[in-house]
Amino acid sequence: MNCVELQQSLAEVEDGNSLEQRAHLRSCPACSALLRELRLIAAAAAELQSANEPSPRVWQSIQFALREEGLIRPQRNARPTLPSFSARWGSMRWLVPAAAMLLLALGIYVRRASLPTPLTQQAKVLVPVANASDLNDDDLLQEVAADAPAMRTQYEENLRQVNESIRDAQGVVDESPNDPDARRSLMDAYQQKSMLFEMAMDRSLQ
Amino acid sequence: MTEPKQHQSTEPSEAEAIERAKQGDAEAFRLLYDKHKRRVYSLCLRMTANTAEAEDLAQEAFLQLYRKIATFRGESAFSTWLHRLSVNVVLMHLRKKSLPVVSLEETTQGTEDDTQKRDFGADDVALTGSIDRLQLQRAVESLPPGYRTIFVLHDIEGYEHNEIARIAGCSIGNSKSQLHKARMKLRDLLKMNRAEKAEKSRVG
(Lines give C-alpha, C1' and ligand atoms only; values in the text may rest on other atoms or scores of the structure.)
Protein backbone atom coordinates (compact mmCIF):
# COMPACT_ATOMS: atom_id res chain seq x y z
CA MET A 1 0.00 0.00 0.00
CA ASN A 2 1.38 3.42 -0.96
CA CYS A 3 0.46 6.85 0.45
CA VAL A 4 -2.34 7.55 -2.06
CA GLU A 5 -3.88 4.13 -1.44
CA LEU A 6 -3.63 4.66 2.30
CA GLN A 7 -5.50 7.96 2.00
CA GLN A 8 -8.20 6.41 -0.12
CA SER A 9 -8.56 3.48 2.27
CA LEU A 10 -9.19 5.83 5.21
CA ALA A 11 -12.67 6.53 3.82
CA GLU A 12 -13.61 2.90 4.41
CA VAL A 13 -11.48 2.09 7.47
CA GLU A 14 -11.15 5.46 9.12
CA ASP A 15 -9.23 4.40 12.22
CA GLY A 16 -6.33 3.08 10.13
CA ASN A 17 -6.42 -0.28 11.89
CA SER A 18 -6.54 -2.68 8.97
CA LEU A 19 -3.46 -4.87 8.52
CA GLU A 20 -2.43 -3.13 5.31
CA GLN A 21 -2.94 0.32 6.77
CA ARG A 22 -0.94 -0.47 9.88
CA ALA A 23 1.91 -1.86 7.81
CA HIS A 24 2.07 1.34 5.78
CA LEU A 25 1.65 3.64 8.78
CA ARG A 26 4.58 2.03 10.58
CA SER A 27 6.91 3.06 7.81
CA CYS A 28 5.39 6.42 6.79
CA PRO A 29 5.57 9.41 9.16
CA ALA A 30 3.57 11.62 6.74
CA CYS A 31 0.59 9.29 6.67
CA SER A 32 0.82 8.73 10.43
CA ALA A 33 0.66 12.50 10.89
CA LEU A 34 -2.29 12.68 8.50
CA LEU A 35 -4.20 10.08 10.52
CA ARG A 36 -3.44 11.91 13.78
CA GLU A 37 -4.72 15.16 12.31
CA LEU A 38 -7.93 13.62 11.03
CA ARG A 39 -8.56 12.14 14.48
CA LEU A 40 -7.89 15.53 16.04
CA ILE A 41 -10.46 17.16 13.77
CA ALA A 42 -13.08 14.50 14.54
CA ALA A 43 -12.51 14.87 18.28
CA ALA A 44 -12.72 18.67 18.12
CA ALA A 45 -15.91 18.48 16.05
CA ALA A 46 -17.74 16.59 18.79
CA GLU A 47 -17.17 19.61 21.02
CA LEU A 48 -19.15 21.82 18.66
CA GLN A 49 -22.47 20.16 19.50
CA SER A 50 -25.02 22.49 21.12
CA ALA A 51 -22.62 25.40 21.06
CA ASN A 52 -25.05 28.08 19.94
CA GLU A 53 -28.03 29.82 21.45
CA PRO A 54 -30.91 30.99 19.23
CA SER A 55 -32.05 34.59 19.65
CA PRO A 56 -35.19 35.25 21.72
CA ARG A 57 -36.96 36.02 18.44
CA VAL A 58 -37.22 32.29 17.74
CA TRP A 59 -39.29 31.52 20.84
CA GLN A 60 -41.41 34.63 20.30
CA SER A 61 -42.24 33.46 16.79
CA ILE A 62 -42.93 29.90 17.92
CA GLN A 63 -45.21 31.13 20.68
CA PHE A 64 -47.05 33.40 18.31
CA ALA A 65 -47.58 30.58 15.81
CA LEU A 66 -48.73 28.20 18.56
CA ARG A 67 -51.33 30.71 19.68
CA GLU A 68 -52.44 31.35 16.12
CA GLU A 69 -52.89 27.61 15.59
CA GLY A 70 -54.67 27.20 18.92
CA LEU A 71 -52.11 24.71 20.23
CA ILE A 72 -51.51 26.63 23.45
CA ARG A 73 -54.15 26.67 26.17
CA PRO A 74 -53.68 29.88 28.22
CA GLN A 75 -52.64 29.20 31.83
CA ARG A 76 -54.29 30.83 34.82
CA ASN A 77 -51.82 32.82 36.91
CA ALA A 78 -52.31 33.05 40.65
CA ARG A 79 -50.71 36.47 41.10
CA PRO A 80 -52.35 38.68 43.79
CA THR A 81 -54.63 41.37 42.48
CA LEU A 82 -53.32 44.91 42.81
CA PRO A 83 -55.40 48.07 43.29
CA SER A 84 -56.82 49.33 40.03
CA PHE A 85 -54.53 51.26 37.75
CA SER A 86 -57.00 54.12 37.42
CA ALA A 87 -57.48 54.39 41.16
CA ARG A 88 -53.78 54.43 41.83
CA TRP A 89 -52.75 56.73 39.05
CA GLY A 90 -55.88 58.72 38.17
CA SER A 91 -54.85 61.50 35.82
CA MET A 92 -51.35 59.99 35.54
CA ARG A 93 -52.52 57.53 32.86
CA TRP A 94 -50.25 59.32 30.42
CA LEU A 95 -47.36 57.54 32.15
CA VAL A 96 -48.15 54.34 30.26
CA PRO A 97 -47.41 55.67 26.76
CA ALA A 98 -44.58 57.67 28.27
CA ALA A 99 -43.15 54.43 29.61
CA ALA A 100 -43.47 52.92 26.15
CA MET A 101 -41.67 55.87 24.63
CA LEU A 102 -38.98 55.63 27.30
CA LEU A 103 -38.45 51.98 26.46
CA LEU A 104 -38.10 52.83 22.79
CA ALA A 105 -35.72 55.68 23.54
CA LEU A 106 -33.59 53.45 25.73
CA GLY A 107 -33.55 50.83 23.00
CA ILE A 108 -32.38 53.39 20.45
CA TYR A 109 -29.74 54.54 22.92
CA VAL A 110 -28.51 50.99 23.27
CA ARG A 111 -28.27 50.63 19.50
CA ARG A 112 -26.28 53.84 19.16
CA ALA A 113 -24.06 52.81 22.03
CA SER A 114 -23.36 49.52 20.28
CA LEU A 115 -21.14 51.21 17.73
CA PRO A 116 -17.45 51.24 18.62
CA THR A 117 -17.61 51.83 22.36
CA PRO A 118 -15.29 50.52 25.05
CA LEU A 119 -16.76 47.52 26.85
CA THR A 120 -16.84 49.21 30.24
CA GLN A 121 -18.92 52.09 28.86
CA GLN A 122 -21.30 49.67 27.17
CA ALA A 123 -21.91 47.86 30.43
CA LYS A 124 -22.83 51.15 32.07
CA VAL A 125 -25.23 52.01 29.27
CA LEU A 126 -27.11 48.76 29.79
CA VAL A 127 -27.80 49.20 33.52
CA PRO A 128 -30.88 51.47 33.26
CA VAL A 129 -32.21 49.35 30.38
CA ALA A 130 -32.20 46.20 32.48
CA ASN A 131 -34.18 47.98 35.21
CA ALA A 132 -36.70 49.23 32.69
CA SER A 133 -37.90 45.70 31.97
CA ASP A 134 -40.06 45.83 35.12
CA LEU A 135 -41.56 49.22 34.30
CA ASN A 136 -45.22 49.44 35.33
CA ASP A 137 -46.09 45.89 34.33
CA ASP A 138 -48.63 45.48 37.12
CA ASP A 139 -50.24 48.80 36.26
CA LEU A 140 -50.55 47.76 32.66
CA LEU A 141 -52.22 44.50 33.67
CA GLN A 142 -54.63 46.27 35.99
CA GLU A 143 -55.54 48.66 33.22
CA VAL A 144 -56.16 45.81 30.80
CA ALA A 145 -58.17 43.91 33.41
CA ALA A 146 -60.34 46.95 34.04
CA ASP A 147 -61.10 47.56 30.38
CA ALA A 148 -61.06 44.02 28.99
CA PRO A 149 -60.91 41.38 31.74
CA ALA A 150 -60.79 38.54 29.21
CA MET A 151 -57.55 39.92 27.79
CA ARG A 152 -55.70 40.09 31.09
CA THR A 153 -54.31 36.55 30.98
CA GLN A 154 -53.15 37.08 27.44
CA TYR A 155 -51.37 40.32 28.34
CA GLU A 156 -49.92 38.79 31.47
CA GLU A 157 -48.42 35.92 29.51
CA ASN A 158 -47.15 38.26 26.80
CA LEU A 159 -45.53 40.49 29.39
CA ARG A 160 -43.92 37.56 31.12
CA GLN A 161 -42.54 36.30 27.81
CA VAL A 162 -41.28 39.65 26.65
CA ASN A 163 -39.58 40.33 30.01
CA GLU A 164 -37.98 36.91 29.78
CA SER A 165 -36.81 37.74 26.26
CA ILE A 166 -35.30 40.98 27.50
CA ARG A 167 -33.49 39.14 30.28
CA ASP A 168 -32.28 36.44 27.86
CA ALA A 169 -31.15 38.98 25.29
CA GLN A 170 -29.50 41.12 27.95
CA GLY A 171 -27.63 38.04 29.16
CA VAL A 172 -26.34 37.37 25.68
CA VAL A 173 -25.32 41.02 25.25
CA ASP A 174 -23.52 40.90 28.60
CA GLU A 175 -21.61 37.85 27.42
CA SER A 176 -20.86 39.24 23.97
CA PRO A 177 -21.13 43.05 24.10
CA ASN A 178 -19.82 43.45 20.55
CA ASP A 179 -22.16 40.93 18.94
CA PRO A 180 -24.52 42.90 16.65
CA ASP A 181 -27.03 40.01 16.54
CA ALA A 182 -27.26 39.99 20.31
CA ARG A 183 -27.87 43.74 20.41
CA ARG A 184 -30.47 43.48 17.65
CA SER A 185 -32.27 40.79 19.67
CA LEU A 186 -32.28 43.04 22.72
CA MET A 187 -33.68 45.89 20.65
CA ASP A 188 -36.37 43.60 19.24
CA ALA A 189 -37.35 42.51 22.72
CA TYR A 190 -37.69 46.11 23.91
CA GLN A 191 -39.68 47.03 20.86
CA GLN A 192 -42.07 44.15 21.55
CA LYS A 193 -42.56 45.39 25.10
CA SER A 194 -43.13 48.88 23.84
CA MET A 195 -45.76 47.54 21.44
CA LEU A 196 -47.53 45.78 24.30
CA PHE A 197 -47.81 49.05 26.21
CA GLU A 198 -49.06 50.87 23.14
CA MET A 199 -51.66 48.18 22.42
CA ALA A 200 -52.91 48.34 26.01
CA MET A 201 -53.12 52.11 25.87
CA ASP A 202 -54.99 52.06 22.57
CA ARG A 203 -57.47 49.65 24.13
CA SER A 204 -57.97 51.78 27.24
CA LEU A 205 -58.55 54.97 25.23
CA GLN A 206 -61.21 53.40 23.01
CA MET B 1 -25.25 11.62 22.00
CA THR B 2 -25.02 13.89 25.02
CA GLU B 3 -27.97 15.48 26.80
CA PRO B 4 -28.04 19.00 28.27
CA LYS B 5 -27.51 19.11 32.04
CA GLN B 6 -30.63 18.92 34.18
CA HIS B 7 -31.36 21.89 36.46
CA GLN B 8 -31.80 21.23 40.18
CA SER B 9 -35.25 22.74 40.64
CA THR B 10 -38.90 22.01 41.03
CA GLU B 11 -39.35 21.99 37.26
CA PRO B 12 -41.36 19.05 35.95
CA SER B 13 -39.46 16.17 34.40
CA GLU B 14 -39.27 15.96 30.64
CA ALA B 15 -41.88 13.20 30.61
CA GLU B 16 -44.24 15.39 32.65
CA ALA B 17 -43.55 18.37 30.39
CA ILE B 18 -44.35 16.25 27.33
CA GLU B 19 -47.66 15.13 28.84
CA ARG B 20 -48.53 18.71 29.77
CA ALA B 21 -47.54 19.95 26.30
CA LYS B 22 -49.94 17.40 24.83
CA GLN B 23 -52.67 19.20 26.78
CA GLY B 24 -51.59 22.57 25.36
CA ASP B 25 -49.73 23.83 28.41
CA ALA B 26 -47.73 26.89 27.31
CA GLU B 27 -45.20 26.54 30.12
CA ALA B 28 -44.51 22.93 29.14
CA PHE B 29 -43.84 24.00 25.55
CA ARG B 30 -41.42 26.57 26.89
CA LEU B 31 -39.65 24.04 29.12
CA LEU B 32 -39.15 21.63 26.24
CA TYR B 33 -37.94 24.46 24.05
CA ASP B 34 -35.45 25.66 26.66
CA LYS B 35 -34.08 22.20 27.16
CA HIS B 36 -33.51 21.44 23.49
CA LYS B 37 -33.13 24.82 21.78
CA ARG B 38 -29.33 24.90 21.74
CA ARG B 39 -28.99 21.46 20.25
CA VAL B 40 -31.61 22.05 17.56
CA TYR B 41 -30.39 25.53 16.68
CA SER B 42 -26.74 24.46 16.61
CA LEU B 43 -27.62 21.63 14.25
CA CYS B 44 -29.49 24.02 11.94
CA LEU B 45 -26.68 26.55 12.06
CA ARG B 46 -23.98 23.99 11.29
CA MET B 47 -25.90 22.56 8.37
CA THR B 48 -26.87 25.88 6.78
CA ALA B 49 -23.98 28.12 7.89
CA ASN B 50 -26.50 30.95 7.99
CA THR B 51 -27.89 32.49 11.19
CA ALA B 52 -31.21 33.70 9.80
CA GLU B 53 -31.91 30.41 8.00
CA ALA B 54 -30.92 28.46 11.10
CA GLU B 55 -33.35 30.43 13.27
CA ASP B 56 -36.17 29.92 10.79
CA LEU B 57 -35.42 26.19 10.61
CA ALA B 58 -35.17 25.81 14.39
CA GLN B 59 -38.52 27.55 14.64
CA GLU B 60 -40.01 25.23 12.02
CA ALA B 61 -38.57 22.16 13.76
CA PHE B 62 -40.12 23.09 17.11
CA LEU B 63 -43.44 23.96 15.49
CA GLN B 64 -43.54 20.58 13.78
CA LEU B 65 -42.65 18.99 17.10
CA TYR B 66 -45.47 20.71 18.94
CA ARG B 67 -47.95 19.91 16.18
CA LYS B 68 -47.00 16.24 16.37
CA ILE B 69 -46.38 15.94 20.09
CA ALA B 70 -49.71 14.23 20.72
CA THR B 71 -48.45 11.32 18.61
CA PHE B 72 -45.27 10.88 20.67
CA ARG B 73 -45.61 7.54 22.46
CA GLY B 74 -42.16 7.33 24.00
CA GLU B 75 -40.86 4.38 21.94
CA SER B 76 -37.65 6.34 21.36
CA ALA B 77 -36.02 9.06 23.44
CA PHE B 78 -37.72 12.41 23.01
CA SER B 79 -34.41 14.07 22.16
CA THR B 80 -33.77 11.48 19.43
CA TRP B 81 -37.23 12.05 18.00
CA LEU B 82 -36.80 15.81 18.02
CA HIS B 83 -33.34 15.57 16.58
CA ARG B 84 -34.42 13.36 13.71
CA LEU B 85 -37.30 15.69 13.01
CA SER B 86 -34.92 18.68 12.98
CA VAL B 87 -32.54 16.94 10.59
CA ASN B 88 -35.45 16.23 8.26
CA VAL B 89 -36.54 19.86 8.36
CA VAL B 90 -33.03 21.01 7.42
CA LEU B 91 -32.57 18.42 4.69
CA MET B 92 -35.95 19.30 3.22
CA HIS B 93 -34.92 22.94 3.21
CA LEU B 94 -31.61 22.17 1.49
CA ARG B 95 -33.42 20.13 -1.15
CA LYS B 96 -35.87 22.96 -1.77
CA LYS B 97 -32.91 25.28 -2.27
CA SER B 98 -31.52 22.72 -4.73
CA LEU B 99 -28.39 22.39 -2.65
CA PRO B 100 -26.89 18.91 -2.78
CA VAL B 101 -27.52 17.00 0.44
CA VAL B 102 -24.67 14.77 -0.64
CA SER B 103 -21.91 16.11 -2.89
CA LEU B 104 -21.80 14.93 -6.47
CA GLU B 105 -18.64 12.96 -7.12
CA GLU B 106 -17.77 14.82 -10.31
CA THR B 107 -17.78 18.18 -8.54
CA THR B 108 -15.28 16.98 -5.95
CA GLN B 109 -12.61 15.37 -8.08
CA GLY B 110 -10.60 18.54 -8.39
CA THR B 111 -10.70 19.11 -4.68
CA GLU B 112 -9.52 15.61 -3.95
CA ASP B 113 -6.59 15.84 -6.36
CA ASP B 114 -5.57 19.18 -4.96
CA THR B 115 -5.76 17.83 -1.45
CA GLN B 116 -3.52 14.89 -2.24
CA LYS B 117 -0.92 17.10 -3.85
CA ARG B 118 -0.87 19.44 -0.89
CA ASP B 119 -0.68 16.61 1.64
CA PHE B 120 2.83 15.79 0.56
CA GLY B 121 4.05 19.35 0.11
CA ALA B 122 7.46 20.17 1.58
CA ASP B 123 6.26 23.13 3.67
CA ASP B 124 3.28 21.53 5.33
CA VAL B 125 2.13 23.09 8.60
CA ALA B 126 1.52 20.45 11.26
CA LEU B 127 -1.90 20.35 12.89
CA THR B 128 -0.95 19.60 16.46
CA GLY B 129 -2.26 20.48 19.90
CA SER B 130 -5.86 21.55 20.26
CA ILE B 131 -7.93 22.96 17.44
CA ASP B 132 -9.41 26.37 18.06
CA ARG B 133 -13.18 26.04 18.32
CA LEU B 134 -13.95 29.20 16.36
CA GLN B 135 -11.53 28.30 13.57
CA LEU B 136 -13.08 24.87 13.26
CA GLN B 137 -16.56 26.37 13.27
CA ARG B 138 -15.62 28.73 10.43
CA ALA B 139 -13.93 25.97 8.49
CA VAL B 140 -17.06 23.79 8.78
CA GLU B 141 -19.16 26.71 7.55
CA SER B 142 -16.95 27.06 4.49
CA LEU B 143 -17.29 23.41 3.47
CA PRO B 144 -19.35 22.70 0.35
CA PRO B 145 -22.95 21.95 1.48
CA GLY B 146 -22.79 18.25 0.66
CA TYR B 147 -19.61 17.65 2.64
CA ARG B 148 -20.90 19.80 5.44
CA THR B 149 -24.11 17.81 5.84
CA ILE B 150 -22.33 14.48 6.27
CA PHE B 151 -19.61 15.93 8.51
CA VAL B 152 -22.14 17.64 10.79
CA LEU B 153 -24.33 14.56 11.06
CA HIS B 154 -21.44 12.16 11.73
CA ASP B 155 -18.68 14.01 13.56
CA ILE B 156 -20.70 16.66 15.37
CA GLU B 157 -24.08 15.05 15.93
CA GLY B 158 -22.88 11.48 16.32
CA TYR B 159 -24.96 9.69 13.69
CA GLU B 160 -23.67 6.40 12.27
CA HIS B 161 -23.13 5.99 8.53
CA ASN B 162 -26.11 3.64 8.17
CA GLU B 163 -28.37 6.25 9.82
CA ILE B 164 -26.99 9.02 7.62
CA ALA B 165 -27.51 6.91 4.52
CA ARG B 166 -31.14 6.41 5.46
CA ILE B 167 -31.77 10.06 6.37
CA ALA B 168 -29.86 11.65 3.50
CA GLY B 169 -30.89 9.10 0.91
CA CYS B 170 -27.41 7.96 -0.09
CA SER B 171 -25.37 4.77 0.19
CA ILE B 172 -23.30 3.95 3.26
CA GLY B 173 -20.19 3.99 1.07
CA ASN B 174 -21.09 7.43 -0.19
CA SER B 175 -21.52 8.69 3.36
CA LYS B 176 -18.09 7.32 4.35
CA SER B 177 -16.46 8.77 1.28
CA GLN B 178 -18.03 12.21 1.80
CA LEU B 179 -17.00 12.24 5.44
CA HIS B 180 -13.40 11.44 4.60
CA LYS B 181 -13.30 14.17 1.96
CA ALA B 182 -14.88 16.64 4.37
CA ARG B 183 -12.24 15.91 7.00
CA MET B 184 -9.46 16.23 4.43
CA LYS B 185 -10.89 19.54 3.27
CA LEU B 186 -11.16 20.77 6.85
CA ARG B 187 -7.57 19.74 7.48
CA ASP B 188 -6.51 21.83 4.51
CA LEU B 189 -8.53 24.81 5.65
CA LEU B 190 -7.21 24.63 9.21
CA LYS B 191 -3.64 24.27 8.02
CA MET B 192 -3.99 27.21 5.68
CA ASN B 193 -5.39 29.22 8.55
CA ARG B 194 -2.45 28.31 10.79
CA ALA B 195 0.03 29.05 8.03
CA GLU B 196 -1.53 32.48 7.49
CA LYS B 197 -1.40 33.23 11.21
CA ALA B 198 2.21 32.12 11.41
CA GLU B 199 3.09 34.32 8.45
CA LYS B 200 1.31 37.32 9.95
CA SER B 201 3.09 36.96 13.28
CA ARG B 202 6.41 36.53 11.47
CA VAL B 203 5.88 39.70 9.41
CA GLY B 204 4.19 41.75 12.14
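Hydrogens, waters and symmetry mates are skipped; everything else that's a heavy atom, side chains included, is used.
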Between [X] and [Y], is any pair of side-chain heavy atoms under 4.5 Å apart?
| X | Y | result |
| --- | --- | --- |
| B:Arg30 | A:Trp59 | yes |
| B:Tyr33 | A:Pro54 | yes |
| A:Glu14 | B:His154 | yes |

Selection from A:Leu38, A:Leu48, A:Leu10 maximising heavy-atom pairs under 4.5 Å formed with chain B: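 Among the listed options, the one with the most contacts to chain B is A:Leu48.
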Residue, of A:Asn52, A:Leu40, A:Val58, that accumulates the most heavy atom pairs under 4.5 Å with chain B: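 Maximum pair count with chain B is reached by A:Asn52.
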Side-chain (B:His180) to main-chain (A:Val13) donor-acceptor, under 3.5 angstrom: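 No, B:His180 side chain to A:Val13 backbone: no donor-acceptor pair under 3.5 Å.
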A:Glu12 with B:Lys176: basic N within carboxylate O range, under 4.0 Å: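 Answer for the salt bridge query: yes.
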SB check A:Glu37 B:Arg183 (cutoff 4.0 Å):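 No salt bridge links A:Glu37 with B:Arg183.
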Atom CD of A:Glu20 with >12 non-hydrogen neighbours under 6.0 angstrom: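 Not buried by this count: 12 neighbours or fewer within 6.0 Å.
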Residue B:Arg138 excluded, over 12 heavy atoms near CZ under 6.0 Å: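 No - once you tally the heavy atoms of other residues, nucleotides and ligands closer than 6.0 Å, there are 12 at most.
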Pairwise distance CG(B:Asp56) to OG(A:Ser61) - rounded to 0.5 angstrom: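 Atom-to-atom, B:Asp56:CG and A:Ser61:OG are 8.0 Å apart.
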A:Ile41 side, atom CD1; B:Phe151 side, atom CZ - distance, nearest 0.5 Å: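 Going from CD1 on A:Ile41 over to CZ on B:Phe151, the span is 7.0 Å.
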B:Tyr66: ring-ring contact (aromatic ring centres under 6.0 Å, His included) partners, not counting sequence neighbours: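 If we apply the ring-ring contact (aromatic ring centres under 6.0 Å, His included) test to B:Tyr66, skipping adjacent residues, the hits are B:Phe29.
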With A:His24 via ring-ring contact (aromatic ring centres under 6.0 Å, His included) - residues at least two apart: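 ring-ring contact (aromatic ring centres under 6.0 Å, His included) check on A:His24 returns nothing, list empty.
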For the student: nearest non-hydrogen atoms of A:Ala11 and B:Ser177, plus distance: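 Looking at all heavy atoms of both residues, the closest pair is CB-CA, 4.1 Å.
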Among the listed options B:Glu60, B:Glu55, B:Lys37, B:Gln23, the residue most often paired with chain A at heavy-atom distances under 4.5 Å: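 Maximum pair count with chain A is reached by B:Glu55.
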Residue among B:Leu190, B:Leu186, B:Ile131 with most heavy-atom pairs under 4.5 Å to chain A: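 Top count of heavy-atom pairs under 4.5 Å with chain A: B:Ile131.
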Heavy-atom proximity to chain A below 4.5 Å, by part of B:Ile156: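 Contact with chain A is through both the backbone and side chain of B:Ile156.
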[X] versus chain B, the contacting section by heavy-atom distance below 4.5 Å:
| X | answer |
| --- | --- |
| A:Ala44 | both |
| A:Arg57 | side chain |
| A:Glu69 | side chain |

